[in-house]
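What follows is a set of notes on a single structure, which appears directly below.
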Amino acid sequence: MSESSRPMHFLEALVAKDLESGNITKVVTRFPPEPNGYLHVGHAKSICLNFGLAQRFGGDCHLRFDDTNPEKESDEFIQAIQADVRWLGFDWAGDVRYASSYFQQLYDWACDLIDQGLAYVCDLSAEEARVYRGTLTEPGRNSPYRERSVEENRALFAAMRAGEFEDGAKVLRAKIDMASPNMNLRDPILYRIRRVVHHQTGSEWVIYPTYDFAHGQGDAIEGITHSICSLEFEDHRPLYDWFVKNLPVPSEPHQYEFGRLNLNYTVTSKRKLKQLVDDAVVTGWDDPRMPTIAGMRRRGYSPAAIRTFCDMIGVTRSDGTVDVAMLEHAVRDDLNNNAPRAMAVLNPLTVTLTNLSEDHREVVMSPNHPQNEALGERELVFTQQVVIDADDFREEANKKFKRLVLGKRVRLRNAYVIEAYDVVKDADGQVVEVLAKVIENTVGADPEDGIKPKGVIQWVSKSEGGRATIRLYDRLFTQAEPEADGDFMAVVNPNSLVVIENAYVEPSLLRAQPEQAYQFEREGYFVADRFDHCAETPVFNRTIGLRDAWQEGA
RNA sequence: UGGGGUGUCGCCAAGCGGCAAGGCACCGGGUUUUGAUCCCGGCAUUCGGAGGUUCGAAUCCUCCCACCCCAGCCA
């Protein structure tokens, strides 16, 4: 994988130190998604971090679903998340874990807290609790239920579990400090009543632990040594430690935080991604325009490119916004090295080579990669009529235009140099056909008269080529910061998808397998759609265009 | 105006008292049957600001400023 000489980031240095000092003998991390949405590029960073740490230091990384809130979770997400992690190139140690499989242990530990006088059942409504909690600058007030006896709390908590109360009627809270400047310590809620069927535990429970009460203890049960989360959980660390200290947990995990990924021209919040899906701005969580792992996959990004990107951006505690150009660079670099070349014509214009016979059929060989012979070569069939891109022809142009101009020459990639001498126009004056002649003996050689062509363009035999649907994807948002002015839906790029129905593609592309990536020369990188592509109705998605220094005009 | 964080080139990011790595982007130039790739060169006398300590500071101290997170029975 990506073995860089890059200096260690702070978490790698931390693990190295803990290993060296004997603080731990093996590093164990975990990737803990809540199954309430699809994984996105931000999760990819976390996955690379957690699995990468385990990989680099010979430890384990667990996959644990943080499924403490059944209302928003579902099995669909559980399946998709596992597929995404595997596709990205990682595998977890042991079975998939679920916070929900620790529910009984968590319940017992809650009772333990009650017995120690460190937790109590509170009858305050959500609204009342908010008032009692105080504000950022004013301390909160103790709940009137705070001093219930251990016996009463025990009985009440058991009754909560038994389903004797309505949803929201009571909660179990830790008894810490209502005046703490850290809001998380103002008697945080440990359990709430929710009569919802849970995707893993069914109807077994009507009370569910909160994230705070479940996460650290789950880590302790699994022997997690380094529990890595994002910066916004930093204020929760004292609470995380409080539970570890006050409960007879089997190990002592520690939480560390890093800055989550922000990408410009992109939104990465499950809520917003879900809105894009629900409002049909995109076709689904795996739409190629989505920054989800499934979306990037369908777009044609490789797992290696995404991993390289995660390695490039580093891991720190500062929160910045990475330029999406960096992701695009990683994608291009990977595809440039690995994608076989092929030719496709998106906006076809017929060129008739009048010095060839109508049934001319000549095989020319073409390397599949200009720098990598290992990728082999393929046959192209050259015929009297070929199509070129309409943008590659001008009746007249200045010297900067290195394509076909009436009266001038151009090389057809991997084949002949041709010279245009006339055009055929329709009633509107549009050029519908170019008449040209091939220059003899120019396959693999310059014209014998010494007049070299101005440039090289791609082509497809009109009779031998196939037709395909090509989807041109572009950035989903027109603004670098889609959420800057409030409504990200207002800055959706109306041209983020342009469909071309009858593009010409060279014959070899008809044999493409779904998810096979190509570089369509001079156009960009494309991938056969994972779901919609087949030999009968080829569909290619543009992953990303080539870098293009060509400036029209001047 | 409580608490917790972060501030090094347009963006990401090394650096941890000895005199500013690297990547992305950008700008030149070269090679090229992809206006791609590749190659060469340029790109922070300065590290949020102001003081101070020191022979010497981005790195230590003091004060200030900016931005991010926290008042879900979400995670």
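When reading the values below, keep in mind they use all heavy atoms of this one structure, side chains included, and skip hydrogens, waters and symmetry mates. Chain naming here is simple, since letters A, B, ... match the order of the sequence lines and numbering starts at 1 in each. In this text the structure is predicted, and so the values were computed from the model without any measurement.
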Query - Among B/A75, B/G2, B/A36, the nucleotide that comes nearest once only the side chain of A/Arg547 is considered - result: B/A36

Report task. Give one of base, sugar-phosphate or nothing for A/Gly320, where a contact means two heavy atoms less than 4.0 Å apart. Result -> sugar-phosphate

**Report entry** Base B/G4 to side chain A/Asn182, donor-acceptor N/O within 3.5 Å cut-off
**Finding:** no

Query raised in the report: Is a donor-acceptor contact shorter than 3.5 angstrom present between the side chain of A/Arg403 and the base of B/G35?
Result: yes

Requested in this report: Could you check whether A/Leu124 gets within reach of a base, just the sugar-phosphate, or nothing at all, counting any heavy atom under 4.0 Å?
Outcome: base

**Report entry** Rounded interatomic separation in angstrom, taking CZ from A/Arg6 and C1' from B/G22
**Finding:** 12 Å

Query raised in the report: When all nucleic acid strands are considered with a 4.0 Å heavy-atom cut-off, which category describes A/Arg237: base, sugar-phosphate, or nothing?
Result: nothing

Query raised in the report: So what does A/Ile189 hit on the nucleic acid, given a heavy-atom distance under 4.0 Å: a base, only sugar-phosphate, or nothing?
Result: base

Report summary line: Of A/Ala126 and A/Glu521, the one whose nearest nucleotide on RNA chain B sits closer to the 5' end is A/Glu521

Report task. Take atom CG of A/Asn264 and atom P of B/A25, then tell me their distance rounded to the nearest Å. Result -> 13 Å

Query raised in the report: Which word best sums up how the rings of A/His198 and A/Phe103 line up, parallel for under 30°, tilted for 30 to 60°, or perpendicular for over 60°?
Result: perpendicular

Report task. Have a look at A/Thr442 and say if it touches a base, only the backbone sugar-phosphate, or nothing, with a 4.0 Å heavy-atom cut-off. Result -> base

Query raised in the report: Rounded to the Å, how far apart are A/Glu166 CD and B/C73 C1'?
Result: 15 Å

Requested in this report: Can you check whether any acceptor in the base of B/U34 is under 3.5 Å from a donor in the side chain of A/Glu523, or vice versa?
Outcome: no

Requested in this report: Find out whether A/Lys72 and A/Phe77 are in side-chain contact, i.e. whether some heavy atom of one side chain is under 4.5 Å from a heavy atom of the other.
Outcome: no

Report task. May I have the distance from A/Arg317 (atom CZ) to B/G4 (atom P), rounded to whole angstrom? Result -> 13 Å

Query raised in the report: Cation-pi between A/Arg194 and A/Tyr208: NZ/CZ under 6.0 Å from ring centre and within 45° of the ring axis?
Result: no

Query raised in the report: Among B/G35, B/G2, B/A75, which is the nearest nucleotide to the side chain of A/Pro181?
Result: B/G2

Query raised in the report: Of all the choices, B/C70, B/C12, B/C11, which nucleotide is nearest to the side chain of A/Asp235 once you look at every atom?
Result: B/C70

Requested in this report: Looking only at side-chain atoms of A/Glu234, point me to the closest of B/C70, B/G5, B/C68.
Outcome: B/G5

**Report entry** Atom pair distance, as rounded to whole Å: CG in A/Asn368 and C1' in B/U37
**Finding:** 16 Å

Report task. Check every strand shown and say whether A/Arg173 touches a base, only sugar-phosphate, or nothing at a heavy-atom separation below 4.0 Å. Result -> nothing

Query raised in the report: With a non-hydrogen cut-off below 4.0 angstrom, is A/Pro370 in contact with a base, only sugar-phosphate, or nothing?
Result: base

Requested in this report: For B/G49, measure the glycosidic angle (O4'-C1'-N9-C4 for a purine, O4'-C1'-N1-C2 for a pyrimidine) and name it syn if it falls within 90° of 0, otherwise anti.
Outcome: anti

Query raised in the report: How is A/Lys72 classified with respect to the nucleic acid when contacts are heavy atoms under 4.0 Å: base, sugar-phosphate, or nothing?
Result: sugar-phosphate

Query - Whether over 12 other heavy atoms sit under 6.0 Å from A/Gln200 CD - result: yes

Report task. With heavy atoms under 4.0 Å as the rule, sort A/Ser318 into base, sugar-phosphate or nothing. Result -> sugar-phosphate

Query - Gap between atoms CG and P, on A/Asn337 and B/U37 respectively (whole Å) - result: 11 Å

Report summary line: Scanning all shown strands, the Watson-Crick or wobble mate of B/U62 with both distances under 3.5 Å is B/A50

Query raised in the report: Using atom P of each nucleotide, how far apart are B/G10 and B/C27 to the nearest Å?
Result: 16 Å

Report task. Could you check whether A/Met326 gets within reach of a base, just the sugar-phosphate, or nothing at all, counting any heavy atom under 4.0 Å? Result -> base

Query raised in the report: Checking all strands, does A/Val131 fall into the base, sugar-phosphate, or nothing category for heavy-atom contacts under 4.0 angstrom?
Result: nothing

Requested in this report: Count the heavy atoms belonging to other residues, nucleotides or ligands that lie under 6.0 Å from CD of A/Glu379, then report whether that count exceeds 12.
Outcome: no

Query raised in the report: A/Ala342 near the nucleic acid: base, sugar-phosphate alone, or nothing, with a heavy-atom cut-off under 4.0 Å?
Result: nothing

Report task. State which residue, out of A/Leu263, A/Leu327, A/Leu273, A/Leu261, fulfils the side chain to side chain contact (heavy atoms under 4.5 Å, CB included) condition with A/Pro291. Result -> A/Leu273

Query - Interatomic distance at C1', B/U34 relative to B/A25, whole Å - result: 23 Å

**Report entry** Paired nucleotide for B/G17 [Watson-Crick or G-U wobble; both distances under 3.5 Å]
**Finding:** none

Query raised in the report: Hey, does the side-chain of A/Arg332 have a donor or acceptor N/O within less than 3.5 Å of a partner on the base of B/U37?
Result: no

Query raised in the report: In the structure shown, which nucleotide is the Watson-Crick or G-U wobble counterpart of B/C73, with both distances under 3.5 Å?
Result: none

Query raised in the report: Hey, would you say the A/Tyr240 and A/His236 ring centroids sit under 6.0 Å apart?
Result: no

Query raised in the report: Between A/Phe309 (CZ) and B/C24 (P), how many Å, whole number?
Result: 13 Å

Report task. Write down the partner of B/C67 under the Watson-Crick or G-U wobble criteria, each distance required to be under 3.5 Å. Result -> B/G5

Report task. Would you classify A/Arg130 as touching base, sugar-phosphate or nothing, given that sugar-phosphate means primed atoms plus P, OP1 and OP2, and contacts are heavy atoms under 4.0 Å? Result -> sugar-phosphate

Report summary line: Which of A/Phe165, A/Tyr107, A/Trp109 passes ring-ring contact (aromatic ring centres under 6.0 Å, His included) with A/Phe157? It is A/Tyr107

Query - Candidates B/G35, B/G2, B/C24 - which lies nearest the side chain of A/Met312 - result: B/C24

Report task. Look at the rings of A/Tyr416 and A/Phe382 and say which category their plane angle falls in: under 30° parallel, 30 to 60° tilted, over 60° perpendicular. Result -> tilted

Report task. Answer with base, sugar-phosphate or nothing: what part of the nucleic acid does A/Gln519 contact at a heavy-atom distance below 4.0 Å? Result -> base

Requested in this report: Please determine if a side-chain N or O atom of A/Arg192 lies less than 4.0 Å away from the OP1 or OP2 oxygen of B/C74.
Outcome: yes

Query raised in the report: Does A/Thr68 place a side-chain N or O at less than 4.0 Å from the phosphate oxygens OP1/OP2 of B/A75?
Result: yes

Query raised in the report: Closer to the 5' end of RNA chain B via nearest nucleotide, is it A/Ala445 or A/Met8?
Result: A/Met8

Query raised in the report: According to a strict under-4.0 Å criterion, is A/Arg133 in side-chain N/O contact with OP1 or OP2 of B/A71?
Result: no

